[in-house]
2 protein chains.
Amino acid sequence: MTNAETILIIDDEVQIRRLLEITLSANGYKISEASTGKDGLIHAATTHPVLIILDLGLPDADGIEILKKLREWYLKPIIILSVRNSEEDIIHALDNGANDYLTKPFRTGELLARIRVAIRQSQGTSDDPILTFGSLTIDLASHTVRKKNEILKLTSTEFSLLALLAKNEGRVLTHQFILKEIWGMGYLEQTQYLRVFMAQLRKKVEDDPAKPTLLNTESGIGYRFGG
Amino acid sequence: MTNAETILIIDDEVQIRRLLEITLSANGYKISEASTGKDGLIHAATTHPVLIILDLGLPDADGIEILKKLREWYLKPIIILSVRNSEEDIIHALDNGANDYLTKPFRTGELLARIRVAIRQSQGTSDDPILTFGSLTIDLASHTVRKKNEILKLTSTEFSLLALLAKNEGRVLTHQFILKEIWGMGYLEQTQYLRVFMAQLRKKVEDDPAKPTLLNTESGIGYRFGG
DNA sequence: TGTAGAATATAAATAATTTATAAAGAATAA
DNA sequence: TTATTCTTTATAAATTATTTATATTCTACA
C-alpha cells in the first residue's frame, strides 16, 4: 500500500487532531499527525502526504514560517485551519502559498468538500488505479482489460468474474463464494456456469488456455488468480 | 493588453458589480459583467475570462445549474459569491466544480487574495478545451464538432452525449450514468433513447457506422469512447 | 502405481436478452 | 406554416447466458 492518500495534520490541539482523525479516516484518508512545526516539517518530508492541514497557532514557531518552509519544496495543497480571523492573517497566509483558509470552529462537511477541491486540482489528469499482471492490465474504474495493450472484449459477467479473482490475487476462492458474489444466492449449485465462464475467460486471457498461469483451478475447492 | 486578465462577474446586484468592478480594476484586472445566468454563459463563451465570479442567487436560473453548464467546457477557476451560508449549499457548490466559496458580505482583500490563489493554481491549465481524436475534433467551448475540418451538424443532445463520452475517453460509462448526466434523474429507464441517439451519432461521426471505432458498445453495461 | 469415480474443461446448440436501425408520430422552434 | 428535433414503436440483428453433451483431468485408495 502506498502513502498516496495520506493527509498530514499539523496542530497542537489534541481535540482538533482527534476530531480530524476520526472525520478523515471515516472518509477513506490515511492520517499522519504532528503537534509542533518542527515535527510537522519532518513528517511532511518523510510521509509525502497528498495534502497538509496546518494550524497557524503552533507553540514552537509562527505558522506562516512553517508554511514558507514547506513551500520551498512541497507542491501539493496546504489548507490553513486557524482561530485567527483577521483579514490580514488570511491574506498573508494565502499569499504565502496556502491553498485555502478555514477559521475555527469549522464545519467538518465543508472542510471535507474543500479537501476534495484541493486534491481534485492538484491531480492534473487523474489516472485510474490499474491492476497489472505481466502483460495483462485490469482497470477497475474504466472497466477495461488489456492484454499487450490490446483491449480485450469481455462480457459484463466475464469482467466481474475476472475482477473478483484478480482483486483476490493468490487467494483461493471457493465455488460457492464466487457464485454468490457474481450470480447471487440462488445460484450456489450452478458450478457448471463457473466452468463454462472460466473456460471462456482463459481462452481470452491466457497465452495458452490449456496451461493457465493466471486462472488456476483448485480441484474440489474453487479457483485462484495467479500464484 | 490582451484579454488574458479578464475576470467575468455574474451577479444580479448592481451594487456588488460596481464594488467588484472598482476593486478588481484597481488591481489590474479587466472586467466583464453579466446580470443573468443566460447572459453569463454567453459572456463566458465569448470573452474567455481567466476566472469567473458567480453569484448563486440569480433571477433567471439556479446558480448551481449555471455552474454545471460552465463546467461542461470552462476549465479555469470559478469562485462562488453568495448570501447562502448553509453548509449544504457550500458543499454542493464545491462538489459541482467551484474552486472557492465566499459568503456575502465579503472582505474585498480576502476576495483578492483568493483570486490570486485561484489564478496561481490555474496557471498551466491548457487554454482552449478542444478534444482531438484522429480527424475528429470536439470544441467544448464553441459547441462545434469537426471531421476532417468539415463542421458536423449535431443537435444539442447529440453534442452533449458525444462530449460526455469523449471527455471520458477509454472509460466505460453505464447507461444509467449517461442518462442521468444528459437527460436527468427521471430518465434512468430510457435506455432506448440512448440507442437511438448513439445510432444517430455513429451515422454522423463514424467512417463506417456499422463498425464503430470511437463509439463502442459494451453490451449489458453501456458505451465507451475510443480505446 | 493403476484404476474407478468424481470433478473439470470445452465445444456446440439453444434460449434469452440486448442492441441497432428505420420510420412514424409528437412536440417545439423559427 | 415549415423544418427540426425529440420520442415512441416495430422489427431485425447481434450478443450473451444457459443448457447439453462429451472428453479430459484429477484424486483417493486398493
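Naming: A, B, ... by sequence-line order, numbering from 1 per chain.
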Asks: Please determine if a side-chain N or O atom of B/Tyr193 lies less than 4.0 Å away from the OP1 or OP2 oxygen of D/dT8.
Replies: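 It does, given that an N or O in the side chain of B/Tyr193 lies less than 4.0 Å from OP1 or OP2 of D/dT8.
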Asks: Measuring to OP1 and OP2 of C/dA20, would you say a side-chain N or O of B/Lys203 lies under 4.0 angstrom away?
Replies: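 Result: no.
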Asks: Hey, could you give me the CD1/CZ distance between B/Ile9 and B/Arg18, rounded to the nearest 0.5 Å?
Replies: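 Between B/Ile9 CD1 and B/Arg18 CZ, I get 9.5 Å after rounding to 0.5 Å.
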Asks: With a 4.0 Å cutoff (strictly under), does any side-chain N or O of B/Thr157 reach OP1 or OP2 of D/dC6?
Replies: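 Yes, B/Thr157 has a side-chain N/O under 4.0 Å of OP1/OP2 on D/dC6.
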Asks: Among residues 209-227 of chain A, which contact DNA chain D at a heavy-atom distance under 4.0 Å?
Replies: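 Output list: A/Ser219.
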Asks: So, taking the atom named CD1 in B/Ile64 and the one named CG in B/Leu58, what distance separates them when rounded to the nearest 0.5 Å?
Replies: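 Answer rounded to 0.5 Å: 11.0 Å.
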Asks: Does D/dT7 have OP1 or OP2 sitting under 4.0 Å from an N or O in the side chain of B/Trp183?
Replies: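 For D/dT7, OP1 or OP2 has a side-chain N or O of B/Trp183 closer than 4.0 Å.
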Asks: State which residue, out of B/Ile52, B/Leu75, B/Asn96, fulfils the side chain to side chain contact (heavy atoms under 4.5 Å, CB included) condition with B/Leu70.
Replies: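 For B/Leu70, the side chain to side chain contact (heavy atoms under 4.5 Å, CB included) check succeeds only for B/Ile52.
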Asks: Quick one: is A/His175 getting a side-chain N or O under 4.0 Å of the C/dT8 phosphate, OP1 or OP2?
Replies: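 Affirmative; the distance criterion is met.
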Asks: Looking only at side-chain N and O atoms, does A/Thr155 come under 4.0 Å of OP1 or OP2 in D/dA17?
Replies: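 For D/dA17, OP1/OP2 do have a side-chain N/O of A/Thr155 under 4.0 Å.
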Asks: Expressed as a whole number of angstroms, how long is the span from B/Phe197:CZ to C/dT19:C1'?
Replies: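 Computing the B/Phe197:CZ to C/dT19:C1' distance gives 17 Å.
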Asks: Would you mind reading off the distance between A/Glu189 atom CD and C/dA7 atom C1', rounded to a whole angstrom?
Replies: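 After rounding, the gap between these two atoms is 15 Å.
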Asks: Measure CG/A/Leu194 against P/D/dT18 and give the value in whole Å, please.
Replies: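 Going from CG in A/Leu194 over to P in D/dT18 covers 12 Å.
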Asks: For the atom pair CG (A/Asn216) and CZ (A/Arg224), what is the distance rounded to the nearest 0.5 Å?
Replies: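 Between atom CG of A/Asn216 and atom CZ of A/Arg224 there are 4.5 Å.
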Asks: Distance check, rounded to the nearest 0.5 Å: B/Phe177 atom CZ versus B/Asn168 atom CG?
Replies: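 Reported to 0.5 Å precision, the distance equals 6.0 Å.
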Asks: Rounded to whole angstroms, how far apart are CZ on A/Phe159 and C1' on D/dA17?
Replies: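 A/Phe159 atom CZ is separated from D/dA17 atom C1' by 19 Å.
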Asks: Return the value, rounded to whole Å, for the distance between atom CZ of A/Arg195 and atom P of D/dA17.
Replies: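 After rounding, the reported distance stands at 19 Å.
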Asks: Both A/Val196 and B/Lys153 contact DNA chain D. Taking the nearest nucleotide for each, which residue is further toward the 5' end?
Replies: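 First, find each residue's nearest nucleotide; the 5'-ward one identifies B/Lys153.
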Asks: Using whole Å, report how far CG of A/Leu179 lies from P of D/dA17.
Replies: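 So the two atoms are 14 Å apart, to the nearest Å.
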Asks: Would you please indicate if the ring centroids of B/His48 and B/Tyr74 are separated by under 6.0 Å?
Replies: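 No: the rings miss the under 6.0 Å criterion.
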Asks: Scan for side-chain hydrogen bond (donor to acceptor under 3.5 Å, both in side chains) pairs involving residues 152-163 of chain B, sequence neighbours excluded, and state none if there are none.
Replies: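 Only B/Glu158-B/Lys204 qualify under side-chain hydrogen bond (donor to acceptor under 3.5 Å, both in side chains).
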Asks: Check if the side chain of A/Gln192 and the base of C/dT10 share a donor-acceptor pair of N or O atoms closer than 3.5 Å.
Replies: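 Present.
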Asks: Between atom CD in A/Gln190 and atom C1' in D/dT18, what is the gap in whole Å?
Replies: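 Atom-to-atom, A/Gln190 to D/dT18, this comes out as 9 Å.
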Asks: How close or far is atom P of D/dA17 from atom CG of A/Leu154, stated in whole angstroms?
Replies: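 Checked: the CG to P distance equals 11 Å.
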